[in-house]
There are 2 protein chains.
Amino acid sequence: MTITMKDLAQMVGVSESTVSRAINNKPGVGEDTRDKILELVKKYNYKPNQLARNLAKQETKMIGLILPDISSNFYSEVARGVQDIAIQSGYQVIICNSDGKEKEELSYIEWLESNKIAGIIFLGSGLVNDKVIKLGLSDYPIVLANRFVEDLILPSVIIDNAVGASKATDLLLKSGYRRIALINGPKDNLQAQNILTGYKEALRAYNIEFKEELIINGDWDRDTGYEGFLEVLKLTEPPEAIFAANDLIAVGAIEAIKMGGFLIPEDIGVVGFEDTIVTSVIDPPLTTVAQPMYQLGVSSANKLFSLINEDEIKERIEILESRLVVRKSTKKLI
Amino acid sequence: MTITMKDLAQMVGVSESTVSRAINNKPGVGEDTRDKILELVKKYNYKPNQLARNLAKQETKMIGLILPDISSNFYSEVARGVQDIAIQSGYQVIICNSDGKEKEELSYIEWLESNKIAGIIFLGSGLVNDKVIKLGLSDYPIVLANRFVEDLILPSVIIDNAVGASKATDLLLKSGYRRIALINGPKDNLQAQNILTGYKEALRAYNIEFKEELIINGDWDRDTGYEGFLEVLKLTEPPEAIFAANDLIAVGAIEAIKMGGFLIPEDIGVVGFEDTIVTSVIDPPLTTVAQPMYQLGVSSANKLFSLINEDEIKERIEILESRLVVRKSTKKLI
DNA sequence: TTGTACGCGTTATCAC
DNA sequence: GTGATAACGCGTACAA
């Protein structure tokens with residue numbers, strides 16, 4: 001038998017509104033009556049029924065987080081960041097796995113809306129579709145995390161992969177490598193394009209000519225790394241270093257390099273991108289560009305709560321930089 | 001401006017009760033009135049307010065999942081399993097990161113209770129404390145996943161690590177290795193004890209004497225593996241194989257083995273435990289015992305929904321077996 | 001400082 | 001087949 005405000009009111013001999021005020025620490029309650037009420041609250045272990053509160057205030061203390069797959073290392077790390085901030089603000093998080101499917105996303109949105117969830121964070125790759133934009137244009141609090149939309153009208157937090165790629169390439173150049181091959185993801189992939197952009201920028205800063213032959217496009221997997229290296233090895237002038245667009249590609253490349261009898265980093269330097277656990281397990285430990293996943297979650301959540309509380313938003317678009325982690329697959333700086 | 005049942009009722013010229021019946025596909029509504037109502041529902045894109053529903057029915061379509069840390073590979077995989085089943089049943093999942101702290105767990109429970117969350121899955125290591133047991137003894141639906149309680153009075157789903165360890169040891173024996181060292185976690189750790197149990201069982205089946213000197217206890221990390229191997233190497237009779245109690249330990253051991261100039265699997269065989277991504281990246285690919293993480297989530301969720309729906313529960317305790325994944329760090333079977 | 005009265009949007013139990 | 005009416009438990013404007 002759960003106890004309600006009404007019960008408490010009867011016991012103390014006051015009205016329900018007074019009980020309500022006392023419980024919510026609102027002014028306008030006499031010292032002694034408040035004490036009496038709070039005493040009974042403890043005694044009977046009274047817990048306000050959140051459902052009733054939610055209905056009365058037409059709001060919940062929950063936010064929604066829509067992402068492709070919580071079991072992925074990347075997304076679960078971001079989710080943790082979101083949750084930590086949410087808890088601080090007294091909110092809980094509902095995580096929705098969309099598997100990147102638009103249909104799922106829309107049905108989640110419906111659910112979240114009709115449950116009066118306070119706001120939504122959209123996390124994931126891919127471009128944003130019209131419906132999401134429309135949703136954002138209404139007054140529903142919504143933040144885009146690591147999702148891209150051409151005009152960027154919605155509040156967003158993104159990771160600047162171009163800068164990360166530039167840093168990685170720059171490190172290789174600073175370490176003395178000159179001919180640097182880029183083994184990248186699919187040509188039409190946004191992430192891959194950003195990485196290419198950063199790579200080119202770094203070359204330009206060193207006045208090194210960009211050579212199409214040093215660019216390999218493939219999938220985001222190990223095979224691409226392995227085959228990719230064999231590919232560039234065939235060039236009349238083989239590369240001195242490999243920039244792999246993610247860690248798995250790097251792993252594949254390293255296998256191929258070792259297989260060929262080359263030494264890392266002496267003969268060939270390697271840089272990865274992502275900083276997963278494998279980078280520290282592989283031999284030699286991989287120099288890589290670490291993505292600020294947790295921070296992505298934290299920033300997105302902060303931005304969402306700014307929206308919910310209708311605070312001023314400093315920057316509509318927040319850009320996070322990735323961080324270079326130097327290990328042993330690149331030569332020491334001179 | 002959101003539309004409500006009241007609005008619909010006025011437009012059609014019927015009472016709210018009729019609208020409610022029509023929307024919920026309940027009998028007792030005329031063909032034509034129902035059609036008229038559903039038509040307007042579409043036209044105005046009416047969505048029932050779940051908050052009001054929840055209050056009226058005193059229940060929500062949500063379950064809680066309390067786990068140590070969603071960013072961990074293990075837990076996020078389980079979480080995915082839980083969510084997939086929940087969605088099928090029309091529920092959403094609230095994930096709560098306790099970091100293994102009892103205080104956090106209790107405060108989450110309070111929140112979930114006062115929000116009338118339909119049920120809770122407790123996921124995590126460690127023993128269950130009294131409060132959880134008390135909670136379970138009330139009529140609140142609650143399932144323990146991968147948590148251990150001595151008497152196991154609460155509905156639970158657990159992974160039998162002893163059997164897994166036994167399988168791993170057995171494989172080594174079948175492959176011809178005889179002196180097998182076990183590099184394990186902390187002595188007082190439940191998981192470590194289970195692994196030891198399985199190890200012993202397998203030895204017994206082969207009539208091989210158990211030797212204390214072949215057991216190393218340490219942390220669940222790489223160093224333990226590295227140092228552990230160096231330790232057993234000092235024995236007058238060094239081991240022919242290493243059974244590592246998790247993959248990280250195995251990685252450390254492999255490093256030490258290679259450093260010593262031994263060949264894997266010819267000179268020394270290695271088996272890990274867990275099946276993380278590193279097992280396939282390392283050279284040679286690691287033979288290991290894979291934990292059914294996703295299945296753990298699925299089974300736990302299924303059990304919880306049985307409780308919620310008050311179905312008959314077949315087995316109060318469900319035991320999942322781990323699966324042996326044979327790669328290249330052990331000799332081929334003869 | 002306290003109480004009254006109503007609203008929040010829906011479900012459920014009666015009547016008719 | 002349909003319609004009042006009362007819950008569900010709490011917040012709040014207004015009156016006292």
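So that the names make sense, note that chain A is the first sequence line, chain B the second, and so on, each numbered from 1. All values below were derived from every heavy atom in this structure, side-chain atoms included, with hydrogens, water molecules and symmetry-related copies excluded.
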Student: In whole Å, I'd like the distance from the CZ atom of B:R34 to the P atom of D:dG3.
Tutor: 14 Å

Student: Return yes when atom CD of A:E315 has more than 12 non-hydrogen atoms of other residues, nucleotides or ligands closer than 6.0 Å, and no otherwise.
Tutor: yes

Student: Rounded to whole Å, how long is the line connecting atom NZ of B:K116 with atom C1' of D:dC8?
Tutor: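 In whole Å, D:dC8 C1' lies 11 Å from B:K116 NZ.
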
Student: Just the rounded figure in Å: distance from P of D:dC8 to CD of A:Q50.
Tutor: 18 Å

Student: Within the structure, does a side-chain N or O atom of A:Y46 lie under 4.0 Å from either OP1 or OP2 of D:dG9?
Tutor: no

Student: D:dT2 C1' sits how many Å from B:E31 CD, rounded?
Tutor: 16 Å

Student: Rounding to an integer number of Å, can you tell me how far B:L55 CG sits from D:dC8 C1'?
Tutor: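 Going from B:L55 (CG) to D:dC8 (C1'), I get 4 Å.
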
Student: As a quick check of understanding, evaluate side-chain hydrogen bond (donor to acceptor under 3.5 Å, both in side chains) for B:N24 and B:R53, giving each step before the final call.
Tutor: CA-CA 11 Å; B:N24 293 301; B:R53 275 195 175 164; 3.2 Å; yes

Student: Between A:S299 (side chain only) and A:Q295 (backbone N and O only), is there a donor and an acceptor less than 3.5 Å apart?
Tutor: yes

Student: What is the distance from CG of B:D32 to C1' of D:dT2, rounded to the nearest Å?
Tutor: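 Result: 12 Å.
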
Student: Would you mind reporting whether B:L8 and B:T4 have side-chain heavy atoms less than 4.5 Å apart?
Tutor: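 No; the side chains remain at least 4.5 Å from each other.
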
Student: Check this for me: B:E59, atom CD, are more than 12 non-hydrogen atoms of other residues, nucleotides or ligands nearer than 6.0 Å?
Tutor: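 Atom CD in B:E59 is crowded, with more than 12 foreign heavy atoms closer than 6.0 Å.
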
Student: Walk me through it: do B:V93 and A:I94 pass the test side-chain contact (heavy atoms from CB on, under 4.5 Å)?
Tutor: CA-CA 6 Å; B:V93 181; A:I94 307 228; over 6 Å; no

Student: Over all strands shown, is A:V19 touching base, sugar-phosphate only, or nothing at heavy-atom distances under 4.0 angstrom?
Tutor: nothing

Student: What's B:P27 touching, base or sugar-phosphate or nothing? Going by heavy atoms closer than 4.0 Å.
Tutor: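 Result for B:P27 = nothing.
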
Student: For A:K36, does the NZ atom sit with more than 12 other heavy atoms under 6.0 Å from it, leaving out its own atoms?
Tutor: no

Student: Where the side chain of A:D99 meets the backbone of A:K101, is there a donor-acceptor pair that is under 3.5 Å apart?
Tutor: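 No; judged by distance alone, with no hydrogens or angles, the pair does not exist.
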
Student: Just the rounded figure in Å: distance from C1' of D:dG9 to CG of B:N54.
Tutor: 13 Å

Student: A:L51 CG to D:dG11 C1': how many Å, rounded?
Tutor: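 Atom CG in A:L51 sits about 15 Å away from atom C1' in D:dG11.
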
Student: If you draw a 6.0 Å radius around NZ in A:K43, do more than 12 non-hydrogen atoms from other residues or ligands fall strictly inside?
Tutor: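 Not buried by this count: 12 neighbours or fewer within 6.0 Å.
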
Student: Would you sort out whether B:Q291 and B:L296 count as a side-chain contact (heavy atoms from CB on, under 4.5 Å), showing the intermediate values?
Tutor: CA-CA 9 Å; B:Q291 308 272 34; B:L296 180 61; over 6 Å; no

Student: Please determine which of A:D7, A:I23, A:L40 meets the side chain to side chain contact (heavy atoms under 4.5 Å, CB included) test together with A:Y46.
Tutor: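 Exactly one pass, corresponding to A:I23.
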
Student: Does any part of the side chain of B:I109, heavy atoms only, come nearer than 4.5 Å to the side chain of B:I66, both counted from C-beta?
Tutor: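 B:I66 reaches B:I109 side chain to side chain.
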
Student: Protein-nucleotides 12-16 of chain D N/O pairs closer than 3.5 Å?
Tutor:
from, atom 1, to, atom 2, distance (Å)
D:dT12, OP2, A:K26, NZ, 2.3

Student: Please compare A:K6 and B:T33 by the position of their nearest nucleotide in DNA chain D and report the one closer to 5'.
Tutor: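 Nearest-nucleotide comparison on DNA chain D picks B:T33.
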
Student: How far does the helix from C:dT1-D:dA16 to C:dC16-D:dG1 bend, going by the axes of its first and last five pairs, to the nearest 10°?
Tutor: 40°

Student: Can you give me the first and the last nucleotide of DNA chain C (5' to 3') that has an atom within less than 4.0 angstrom of a non-hydrogen atom in chain A?
Tutor: C:dT1 to C:dG9

Student: Between A:R53 and B:G28, which has a closest nucleotide on DNA chain D that is more 5'?
Tutor: B:G28

